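A quick note: this is a predicted structure, and the numbers were derived from the prediction, not measured.
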Amino acid sequence: MDTKLKNSHRLAVIIAVLVLLISSVGMVLTYPIYSNQLKEELDGDSIEMNTVLEMSSSLLEGNAILYNEVYEETDRYYVLQYYGNSHFQLMRKYMDYEVFSNDGEALLKEKSEDTLSKLVKKEDTPYAFRAAFTYDEDGELIDMKVGGNRIDKREQFDIEQNLVNWRGYDYSDISEPSDVQIIYGMTEENLNAYIEGDDYAQYYQTYHLLENGTYHWMIAIFAVFTILAGIVLTVRKGFGFGTHKLFAVPFELVLCVLGILVGCTYMISDLVFRTISGNFLQIVPGMNSTLNEIFSFMINLLVWLVVFLVLFWGSVCLSHMFTMKKAYWKERTLCAKVFRWSKRGGNAYGKKVKDSAGGLFSRFKSFCKRQYDMMMHLDFQDKTNRTIFKIVAINFVVLIVICTFWFYGFIALVIYSVGLFLFLRKYFHDIQEKYKLLLRSTNQLADGDLDTPLQGDMGIFNPIQEELKKIQNGFKKAVEEEVKSERMKTELITNVSHDLKTPLTAIITYTDLLKNETDESKRKEYIEVLDRKSLRLKVLIEDLFEISKAASKNVIMNFMDVDIVGLLKQVGLEYDNKIKESNLDFRWNLPDHKIVLWLDSQKTYRIFENMIVNITKYAMPHTRVYIDMAETDRDVSISMKNISAAELNFNTDEITDRFVRGDSSRNTEGSGLGLAIAKSFTELQYGTLKISTEADLFKAEITLPKREKPIEEQEKETESSLIPEDHEKKEEIVLLH
């Protein structure tokens with residue numbers, strides 16, 4: 001068993017070496033690809049132009065330095081201290097320059113007359129690069145000219161534009177130029193020497209390599225190949241790889257080493273560029289080309305071997321997360337060790353630091369707790385833009401702090417991500433707990449418990465809790481309505497049985513009497529009673545049939561234009577005798593003009609009929625009845641008020657239900673369906689019927705809307721008006737005034 005394990009370990013080591021060699025050699029062998037691509041992207045002109053652009057921006061700094069050398073407005077020691085190592089001090093060795101007054105007098109007096117004449121000369125200048133800056137008395141740069149034998153019109157524009165962008169640079173720590181002209185000139189020989197020795201050109205070329213897509217992809221491919229190999233060799237138990245102390249480095253140190261490797265990216269790329277450009281050969285002068293190429297190959301191979309070795313080492317170290325799981329964070333992290341040390345109290349110094357930091361930590365903890373509580377109680381029914389902005393702002397500040405670490409920001413980002421993961425895990429765990437509480441409340445409702453109040457803090461689900469309370473109240477109301485409906489059904493069966501049984505019993509009784517009666521006068525009397533009781537039974541059955549159709553919305557409505565004022569007057573005239581017999585004084589307050597509504601005339605007539613009949617039955621004799629009609633832009637309201645003969649002790653919400661009477665003793669003759677039929681017919685015509693009482697005052701208010709005639713009916717009327725009619729028009733309704 002041990003032999004097998006040793007063989008597996010040797011195999012793992014061989015695989016690791018092969019992976020590192022393949023990655024390192026592969027990277028070096030891809031150098032010709034980058035070389036060809038960079039030759040196409042970079043040429044001498046582009047390098048030279050970028051160098052001149054960078055150089056020209058330093059001339060503005062040189063203007064201030066040369067001006068103070070002439071006038072010494074700023075102490076010379078101060079100028080040397082802050083600008084002695086500036087980029088301009090290197091440039092001035094390669095160029096001719098002079099400061100002129102506005103009168104053309106040379107102020108530095110260091111150059112020969114021949115040099116001064118060359119500087120002043122604007123056309124056919126002998127310089128490869130020439131720049132002139134003119135300042136007025138107020139220190140404003142009023143003119144600048146760029147030219148030279150090596151500068152064409154396009155490059156001249158680019159350089160001048162670059163100077164315009166840099167002109168606002170602040171040199172206020174020394175005196176700024178005023179009332180002078182400063183001219184620079186650089187010969188072709190000096191320009192070439194400056195470009196060859198300029199570090200910026202090298203940086204510019206290396207920067208292009210860093211931005212090369214193929215270079216990035218090759219590094220990524222070999223890096224992923226190396227990292228995956230390290231993970232597989234570590235995770236797979238058969239290899240037994242990664243048990244050495246070298247791979248037991250703490251998590252934080254691994255991240256630091258990887259961060260340093262990332263920070264060396266430019267240096268590695270600079271080495272690659274020097275190799276593919278041939279500049280690497282200058283490091284070992286005197287060697288022949290073959291030895292130099294071999295030496296260059298070995299150095300590059302060694303560098304890439306170190307790079308991939310670090311990546312492989314880091315992947316093996318971090319792969320123990322998968323094998324050790326939770327134990328990794330306890331045993332392989334410095335933070336956990338420091339935390340355990342501080343928890344044990346540490347030494348005296350550690351205890352002092354712990355106590356001093358305790359106050360700050362407690363305040364920070366309190367702040368985080370308040371923010372967390374705020375997030376747990378977000379009201380999603382309200383505008384949450386402010387809260388979201390606050391969260392985003394905090395995250396933005398954290399990321400800004402992380403960015404300040406530059407290359408080591410990766411480490412800070414990992415730590416921040418771990419902290420964010422722990423926070424979100426706790427946050428969603430609490431949300432799950434609140435959700436379970438919400439489910440318990442919904443299950444409580446599902447089980448039919450409508451009396452126990454919904455309690456408990458549900459966090460972000462508090463608005464839903466409020467909605468559940470509304471649902472609970474709605475269910476309670478629905479249950480009460482259902483109980484009321486069941487009670488009404490029971491009363492319906494009782495009342496129907498009673499109202500049908502009474503005339504039916506009378507019919508049976510008088511039929512038996514009629515069979516054995518020989519007296520003709522009594523027989524005639526019995527027949528009249530039978531006729532009256534059968535009519536009563538017929539009316540009752542018809543009312544039952546009518547109300548059942550109305551309740552099921554199975555009523556055919558014949559809408560037409562109806563003069564509601566005339567219709568109400570007609571009902572009053574037809575029941576005039578019954579009104580007089582009841583000894584009631586009807587006071588009509590109706591409009592003098594017609595009010596035409598789109599209604600079913602028969603159903604509307606029945607509404608008015610039932611209401612007036614109800615008044616004649618239950619109103620106190622020798623009292624007044626008020627019937628008023630009022631019109632608005634949207635509807636017509638009919639109000640009927642009377643004094644009740646009996647005490648009004650019923651529920652006004654139930655009086656319009658089926659078989660409910662104000663006369664609970666049922667002494668009066670009727671079906672108990674009058675108001676129910678009137679209400680149903682009113683609602684079928686999109687109106688309302690409301691009953692209200694005050695002491696002995698009974699008030700019924702009928703509201704009928706003003707509806708427009710449907711388009712289909714208007715089209716039918718238009719078509720019928722085009723067809724001649726020979727027959728006389730029939731009157732729809734007789735208006736009696």
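Side-chain contact between Gln685 and Trp598 is absent, with no heavy atoms from C-beta onward closer than 4.5 Å. The shortest distance between side-chain heavy atoms of Phe698 and Ile615 does not fall below 4.5 Å. Taking the side chain as every heavy atom from C-beta outward, Leu584 and Thr623 approach each other to under 4.5 Å. In this structure, Phe608 and Ile564 have side chains that are in contact, with non-hydrogen atoms separated by less than 4.5 Å. Residues Met611 and Leu675 form a side-chain contact, since some pair of their non-hydrogen atoms from C-beta on lies under 4.5 Å apart. In this structure, the side chains of Thr632 and Ser637 stay at 4.5 Å or more apart for every pair of heavy atoms. Annotation: side chain of Ile627 is in contact with side chain of Leu568 (closest heavy-atom distance under 4.5 Å).
Minimum heavy-atom separation, Met629 to Ile638: CE-CG1, 3.9 Å. Contact detail for Ala678 and Asn610: the closest heavy-atom pair is N-ND2, 4.1 Å. A pairwise comparison of heavy atoms in Asn642 and Ala619 identifies ND2-CB, 3.6 Å as the closest pair. The shortest non-hydrogen separation linking Pro591 to Val565 is O-CG1, 3.6 Å. Looking at every heavy atom in both residues, Ala646 comes nearest to Asp696 through O-OD1, 4.5 Å. Taking each heavy atom of Phe559 and Leu684 in turn, the nearest pair found is CZ-O, 4.1 Å.
Distance OG1/Thr703 to NZ/Lys690: 7.0 Å, rounded to 0.5 Å. Rounded to the nearest 0.5 Å, atoms CD1 (Ile702) and OG1 (Thr682) are 5.5 Å apart. Expressed to the nearest 0.5 Å, how far CE of Met557 lies from OH of Tyr686 amounts to 8.5 Å. Summarising the geometry, atom CG belonging to Leu697 is positioned 10.5 Å from atom OH belonging to Tyr626; distances are rounded to the nearest 0.5 Å. Put simply, CZ on Arg707 and CZ on Arg634 are 14.0 Å apart, with the number rounded to the nearest 0.5 Å. The OG atom of Ser692 lies 9.5 Å from the NZ atom of Lys641; values are rounded to the nearest 0.5 Å.
A side-chain contact (heavy atoms from CB on, under 4.5 Å) with Leu704 is found for exactly one of Thr688, Leu689, Leu599, namely Leu599.
Without hydrogens or angle criteria, Asp600 side chain to Asn558 main chain gives a donor-acceptor distance under 3.5 Å. Judged by distance alone, the side chain of Asp563 and the main-chain N or O of Ile595 form a donor-acceptor pair under 3.5 Å.
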message: Test side-chain contact (heavy atoms from CB on, under 4.5 Å) on Glu631 and Lys706; report intermediate values, then the result.
response: CA-CA 10 Å; Glu631 180 185 13; Lys706 288 184 176 180; 2.5 Å; yes
field: Full working for side-chain contact (heavy atoms from CB on, under 4.5 Å) between Lys617 and Val613
entry: CA-CA 6 Å; Lys617 285 182 179 180; Val613 169; 3.8 Å; yes
field: Derivation and outcome, side-chain contact (heavy atoms from CB on, under 4.5 Å), residues Leu567 and Val562
entry: CA-CA 8 Å; Leu567 187 62; Val562 177; 4.0 Å; yes
field: Derivation and outcome, side-chain contact (heavy atoms from CB on, under 4.5 Å), residues Tyr575 and Thr616
entry: CA-CA 9 Å; Tyr575 280 86; Thr616 58; over 6 Å; no
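Summarising the local packing, CH2 of Trp217 is surrounded by 12 or fewer heavy atoms from other residues, nucleotides or ligands at distances under 6.0 Å.
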